[in-house]
There are 2 protein chains.
Amino acid sequence: MAQVIRIKQASPLKASCHKCSLSNLCLPLAIEENDLDRLEDIVQQGRIFNRGEHIFEQSTPFRSCFAVRSGAVKTSIITEGGEEQVTGFFMPGELVGLDSMSGESYASTAKALERTSVCEFPVEKLEELTGKLPDLQHHMYHLMSQEIQNSHQLAMLLSKNTAEERIAALLLSLSSRFQRRRMSPTNFSLPMARNDIANFLGLAVETVSRVFTRFQNQGIIRARGREVELLDVEALQLATRDSARQGG
Amino acid sequence: MAQVIRIKQASPLKASCHKCSLSNLCLPLAIEENDLDRLEDIVQQGRIFNRGEHIFEQSTPFRSCFAVRSGAVKTSIITEGGEEQVTGFFMPGELVGLDSMSGESYASTAKALERTSVCEFPVEKLEELTGKLPDLQHHMYHLMSQEIQNSHQLAMLLSKNTAEERIAALLLSLSSRFQRRRMSPTNFSLPMARNDIANFLGLAVETVSRVFTRFQNQGIIRARGREVELLDVEALQLATRDSARQGG
DNA sequence: CATCCAAATTGATTCATATCAAAACCGTAC
DNA sequence: GTACGGTTTTGATATGAATCAATTTGGATG
């Protein structure tokens with residue numbers, strides 16, 4: 001691969017968290033301006049994956065966590081029986097791989113849902129650095145704990161909610177994540193296939209499809225393929241709530 | 001920090017991780033003999049809770065994580081609608097509260113399932129200490145990551161498995177946790193009510209009850225109330241697996 | 001020992017969602 | 001433009017577990 005020139009500012013391998021537009025979501029969020037250099041020292045930036053490519057694979061040696069820079073990532077675990085369970089979707093600014101910090105190998109597989117660029121944080125260096133920067137350490141605890149909570153939320157959704165409620169919840173979650181990135185919270189394109197949604201939410205694809213059309217008929221959303229428009233956010237919120245079930 | 005001499009025994013308030021029989025499961029697992037003192041310095045030991053008492057409550061200020069010393073703890077989250085989702089059961093040697101390390105308040109409620117004694121680790125001090133002891137920090141990452149994985153496993157169970165499979169999985173999980181404590185893996189008493197099992201596994205109590213009797217009729221277990229005996233562990237393992245579903 | 005209340009079991013019925021089957025749609029390649 | 005494979009949608013049917021209802025058990029209390 002003969003290198004193109006890529007002049008830019010000198011070292012193309014060195015990250016520039018300083019200038020990253022996601023620095024208010026990602027790890028830099030936690031640290032002082034002057035400590036940013038140290039983070040930049042350990043991060044390997046700019047790896048690109050095409051749709052469908054693996055960022056890491058379950059059971060291979062665990063080396064790094066990855067921050068999504070652009071694109072989207074799905075993580076899943078595979079049972080011995082070969083069944084897949086999608087465990088999460090990750091959008092720009094979010095950190096993938098936290099579930100693997102307990103062992104020698106990745107506990108899940110991460111796959112690019114579309115052309116995706118990530119920043120890589122080798123764990124050893126990351127741990128070393130968090131030992132030195134209390135704020136960064138705190139942030140790691142924060143992120144991991146958040147991840148536990150997300151997962152609990154998911155469990156809750158799976159065990160207590162109807163198909164409609166689950167899908168409403170997912171749409172709203174995506175919506176707020178788009179919003180955080182200053183993109184439209186009501187008009188976006190789903191990074192994942194119906195199949196992934198179904199798997200993630202513990203439903204059959206057919207059910208997902210049906211709920212989408214039902215929502216559409218009720219005028220709550222407008223959906224064409226992966227393009228989604230939330231027409232009535234309130235209704236969606238109502239749809240997630242137990243309030244619906246409370247009959248209040 | 002003027003150090004007292006602390007002649008060994010003496011101070012009853014001071015923890016003695018050194019002598020704790022669970023030190024090979026709990027936080028001491030991670031650290032050198034000589035650093036144990038520092039852990040003992042921050043831990044408040046020996047708090048006792050009676051069955052049904054709260055160790056901490058959701059939405060109250062987050063102060064500490066707790067290691068179970070004896071007894072058993074259940075954690076759950078409550079929705080705005082008042083619905084409960086049991087998120088975990090914790091046995092001696094396990095650390096409760098990791099899901100709350102992200103905010104100012106507890107993300108869940110922890111309740112003693114029976115008379116339970118815990119060791120309390122104030123977060124501030126814990127974070128300070130993990131900043132100094134890389135092995136301890138690593139262990140925290142390990143535990144939190146484990147917690148994420150557990151939660152993913154649960155999600156998998158909830159979305160992909162039948163009632164029988166879920167219950168088989170729970171029984172085996174408990175079994176191995178008893179075994180780790182050098183107790184009988186086939187003959188133990190469930191710390192939680194059927195109701196909690198049902199809630200945790202996303203089932204109705206009636207279903208749990210039915211599955212228990214079904215297993216009993218098949219000669220896989222013997223159950224009288226909370227007393228359980230695993231008669232055919234292999235069959236249970238088969239019951240959890242997808243292999244059952246694969247028709248291999 | 002009798003009483004009481006919560007927990008657990010058992011049975012009958014209902015329902016949401018899976019499953020099976022087929023058609024429509026869409027992007028891509030030729 | 002046409003043909004292809006995979007994704008999505010739509011319809012008909014089957015089913016596992018929830019719900020409703022009633023009974024039994026068991027542990028606590030006086």
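Chain letters run A, B, ... following the sequence lines, proteins first, then strands; residues in each count from 1.
Scanning residues 199-207 of chain A for heavy-atom distances under 4.0 Å to DNA chain C yields G202(A), L203(A), A204(A), E206(A), T207(A).
Rounded to a whole Å, the CZ atom of R210(A) is 11 Å from the C1' atom of dT13(D). Rounded to a whole Å, the CG atom of N161(B) is 10 Å from the P atom of dA17(D). Counting to the nearest Å, the C1' atom of dG16(D) and the CG atom of L157(B) are 16 Å from each other. In this structure, CD of E227(A) is placed 13 Å from P of dT8(D), rounded to the nearest angstrom. Between the CZ atom of R214(A) and the C1' atom of dT8(D) there is a distance of 16 Å, rounded to whole Å.
Sorted by first and then second residue, the salt bridge (charged side-chain N to carboxylate O under 4.0 Å, His left out) pairs with a member in residues 185-199 of chain A read K74(A)-D196(A); sequence neighbours excluded. Sorted by first then second residue, the salt bridge (charged side-chain N to carboxylate O under 4.0 Å, His left out) pairs that include residues 201-225 of chain A, not counting sequence neighbours, are E164(A)-R214(A), R222(A)-E229(A). Each ring-ring contact (aromatic ring centres under 6.0 Å, His included) pair with one or both residues in residues 188-209 of chain A, not counting sequence neighbours, appears once here: F89(A)-F200(A), F178(A)-F188(A). Residue pairs meeting the salt bridge (charged side-chain N to carboxylate O under 4.0 Å, His left out) criterion with at least one partner in residues 54-65 of chain A, sequence neighbours excluded, are absent.
With no hydrogens or angles considered, no side-chain donor-acceptor pair links S176(B) and R180(B) at under 3.5 Å. If you check the side chains of T87(A) and T75(A), you find a donor sitting under 3.5 Å from an acceptor.
Considering only residues two or more places apart in sequence or on other chains, F49(A) meets the ring pair (Phe, Tyr, Trp, His ring centres under 6.0 Å) condition with none of them. Applying the side chain to side chain donor-acceptor pair (under 3.5 Å) test to S159(A) and every residue at least two apart in sequence or in another chain returns Q85(B). The ring pair (Phe, Tyr, Trp, His ring centres under 6.0 Å) search around F56(B) returns F66(B), Y106(B), not counting sequence neighbours.
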#### Entry: nucleotides 24-30 of chain D: protein proximity per nucleotide (B base, S sugar-phosphate only, - neither; heavy atom, under 4.0 Å)
--S----

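Atoms CD1 and CD, from I148(B) and Q153(B) in turn, are 13.0 Å apart once rounded to the nearest 0.5 Å. Considering NE2 of H54(A) and NZ of K111(A), their distance stands at 5.0 Å, rounded to 0.5 Å.
Although no hydrogens or angles enter the test, the distance criterion places a donor-acceptor pair under 3.5 Å between the side chain of Q216(B) and the main chain of A223(B). Side-chain N or O atoms of R226(A) include one that pairs as donor or acceptor with a backbone N or O of P191(A) at under 3.5 Å.
For R51(B), the CZ atom counts as loosely surrounded, since its 6.0 Å shell holds 12 or fewer non-hydrogen atoms of other residues, nucleotides or ligands.
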Distances under 3.5 Å between nitrogen or oxygen atoms of protein and nucleotides 4-7 of chain D:
none

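Side-chain contact between L201(A) and L170(A) is present, with heavy atoms from C-beta onward closer than 4.5 Å.
Rounded to 10 degrees, the angle between the two end axes of the helix from dC1(C)-dG30(D) to dC30(C)-dG1(D) is 40°, with five pairs used at each end.
On the nucleic acid side, DNA chain C contacts chain A at distances under 4.0 Å to non-hydrogen atoms, with the end points of that region at dT17(C) to dC26(C).
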